[in-house]
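Below is one structure, written out as structure tokens, with a few remarks after it.
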Amino acid sequence: RSAGIIGAPFSRGQPRGGVERGPDLIRAAGLLNRLHEQGCAVKDYGNVAFEDVVQDEPVGLVKRVRAVGSANQRLSEAVQAVKRDGHTSVMLGGDHSLAIGSIHGHSAAVGDLSVVWVDAHADINTPLSSYTGNIHGQPMSYLLHELHTKIPVLPNFSWLKPCVWAKDLVYVGLRDVDPAEHYILKLLGVKVFSMSEVDQLGVSRVMEETCDYLSARGKKPIHLSYDIDAIDPSVTPVTGTPVAGGLTYREGVYIAEHLSQTGLLSAVDLVEVNPLRGQTEEDVRSTVSTAVELLLACFGRLRGGNHPLDYRLP
Ligand SMILES: N/C(=N\O)NCCC[NH3+]
Ligand SMILES: [Mn+2]
Ligand SMILES: [Mn+2]
Ligand SMILES: [Mn+2]
């Protein structure tokens, strides 16, 4: 395995400052050394340099459109470069609007892909259905072929073409879904394992059904887009929109372990870590270390232990 790390210090998909600190916090917690120690080749591509957009009036209700469009165009190029070099792309956010560029760039590199979206939220509002106008609640609508007619022309988004089919998308962890989003999920027949299904089936059944569902449409590269707020706020409180009743630490790690073992994991996003949303230092430490553990599990770390292929007892 090999990981190409991209920092995306970007917050304009939502109104709360601090989420742009995510990439450097996750690096400082030792992600690269830990990946190396577990036998993963690692290349750090640094942080994407985002354009400073000054005049960015709302377009209808949609906020910070030009900044988000420009940022995601640059992120898409960065992800394409990482994939061209043959790595699994690891995008450290930053807010979840960055999934637009991450998934677009991944698809530009590998073609058809499947998306596993682990999140308390569906992030599938269209620009016209969103209450808040914050684009981090909308990224999936920009990416789905089936919603193309629902996306107006937006400044700095002319580069973007939809690249995901609704039948290649699976959600895990949903527990805060708007009516418009629920309508879209039902209309398009998107596969959803909300927290109700996690409770009903258990996480191992959820992941078994997720992988069976996706592989029935051919073994496509998997894009795992992990919003840290999928995990329960008791474990990962420093995030913009925490929602009670989330995944346990163990469930969160299991999801990553399971997808890692498919051998199809081709890109990972880890987004929405916001240190300014914590009450204590421990809140920040707990959230950031959980983010690191989730990523280590994406690259083959197992709780039962690992050993190098060439290990020999002395
Ligand atoms: N964390 C969020 N998305 O994952 N917040 C925006 C969506 C709220 N409906
Ligand atoms: Mn999200
Ligand atoms: Mn979320
Ligand atoms: Mn969020």
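Numbering of ligands and ligand atoms starts at 1, following listing order. The structure presented is a predicted model; accordingly, all values stated were derived computationally and were not measured.
Less than 6.0 angstrom separates the ring centroid of H104 from the ring centroid of W159.
Of the N and O atoms on the side chains of Y142 and N72, not one donor lies less than 3.5 Å from an acceptor on the other residue. With no hydrogens or angles considered, a side-chain donor-acceptor pair links K83 and S266 at under 3.5 Å. No donor-acceptor contact under 3.5 angstrom links the side chains of N125 and S130, judged on distance only. Between the side chains of S70 and E51, at least one donor-acceptor pair of N or O atoms lies under 3.5 Å. Defined by atom type and a distance below 3.5 Å, a donor-acceptor pair is missing between the side-chain atoms of S260 and E257.
For the Mn ion (ligand 2), the N/O/S atoms of H96 include one lying under 2.8 Å. Not a single N, O or S atom of H136, from either the backbone or the side chain, sits less than 2.8 Å from the Mn ion (ligand 3).
Closest approach between the Mn ion (ligand 2) and any N/O/S atom of D123 involves OD2. Of all N/O/S atoms in D229, OD2 sits nearest the Mn ion (ligand 3). For the Mn ion (ligand 3), the nearest N, O or S atom contributed by H121 is named ND1. The Mn ion (ligand 2) sits nearest to atom OD2 when only the N, O or S atoms of D119 are considered. For D227, the N/O/S atom at the shortest distance from the Mn ion (ligand 3) is named OD2.
Within ligand 1, counting atoms from 1 as listed, the ones closer than 4.0 Å to a heavy atom of D123 are 2 (C), 3 (N), 4 (O), 7 (C). For ligand 1, the atoms sitting less than 4.0 Å from at least one non-hydrogen atom of D227 are 1 (N), 3 (N), 4 (O), numbered in the order shown with element in parentheses.
Shown here are the ring-ring contact (aromatic ring centres under 6.0 Å, His included) partners of F50, two or more places apart in sequence or in another chain: F10.
Remark: ligand 1 and N125 share no N or O pair separated by less than 3.5 Å (distance only, no angle test). The shortest N/O to N/O separation between H121 and ligand 1 falls below 3.5 Å. In terms of N/O distances under 3.5 Å, ligand 1 is approached by D119. Between D176 and ligand 1, a contact under 3.5 Å exists for no N or O pair.
Within the structure, the ring-ring contact (aromatic ring centres under 6.0 Å, His included) test picks out the following pairs touching residues 249-280 (sequence neighbours left out): Y254-H258.
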